[in-house]
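We number each residue from 1, following the sequence as shown.
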Amino acid sequence: LAVEASGIEEVYVYAHEGTCTMAQVLIDFDQWLTAFGQRFLHLDTGDGEYVGCIVESDHIENLIALASQAGIDARLDAF
């Protein structure tokens with residue numbers, strides 16, 4: 001996955017092993033992002049899809065609060 005828009009020049013390499021769920025892949029991706037001071041913030045759309053964005057770790061609490069004020073469920077754990 002290319003994450004250049006988030007200021008990360010390194011490429012995240014995902015290799016399909018056939019046993020990981022999508023939630024686990026996103027957990028691994030989030031852990032990788034922490035080395036760059038970033039996190040993957042999950043957004044609940046109400047459907048069965050995985051939606052999220054990469055945000056700076058320092059802004060997580062504020063963004064979750066803003067999303068809540070807007071009626072959007074956002075969190076670090078997958079839905």
Just so I know, are the side chains of [X] and [Y] near enough to count as touching, which here means a heavy-atom distance under 4.5 Å?
{"X": "Ile60", "Y": "Leu76", "value": "yes"}
{"X": "Thr45", "Y": "Glu49", "value": "yes"}
{"X": "Leu66", "Y": "Ile72", "value": "no"}

Exercise for the section: Indicate the ring-plane relationship of Trp32 and Phe29, choosing parallel, tilted or perpendicular according to the 30° and 60° boundaries. Expected result: parallel
Problem - Ser57: side chain to side chain contact (heavy atoms under 4.5 Å, CB included) partners, not counting sequence neighbours - result: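 Per chain and number, Ser57 pairs via side chain to side chain contact (heavy atoms under 4.5 Å, CB included) with Arg39.
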Handout entry: For Gln24, side chain to side chain contact (heavy atoms under 4.5 Å, CB included) partners two or more places apart
Key =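 Applying side chain to side chain contact (heavy atoms under 4.5 Å, CB included) to Gln24 gives Cys20, Thr21, Ile27, Asp28.
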Look up atom [atom1] in [X] and atom [atom2] in [Y], then write down how far apart they are to the nearest 0.5 Å.
{"X": "Asp30", "Y": "His42", "atom1": "CG", "atom2": "NE2", "answer": "6.0 Å"}
{"X": "Asp77", "Y": "Leu26", "atom1": "CG", "atom2": "CG", "answer": "11.5 Å"}
{"X": "His59", "Y": "Ile64", "atom1": "NE2", "atom2": "CD1", "answer": "13.0 Å"}
{"X": "Tyr50", "Y": "Phe40", "atom1": "OH", "atom2": "CZ", "answer": "10.5 Å"}

Exercise for the section: Could you walk me through whether Leu41 and Ile54 pass the side chain to side chain contact (heavy atoms under 4.5 Å, CB included) test, one step at a time? Expected result: CA-CA 6 Å; Leu41 184 63; Ile54 299 170; over 6 Å; no
Practice task
Using modelled atom types only, decide if a donor and an acceptor are shared between the side chain of Asp44 and the backbone of Gly46 within a distance under 3.5 Å.
Solution key: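 Answer holds: yes.
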Handout entry: Which atom of Gln38 lies closest to which atom of Glu56, heavy atoms considered
Key =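 Minimum heavy-atom contact is OE1-N, 4.0 Å.
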Practice task
Answer yes or no: are there more than 12 heavy-atom neighbours, outside Glu61 itself, under 6.0 Å from its atom CD?
Solution key: no
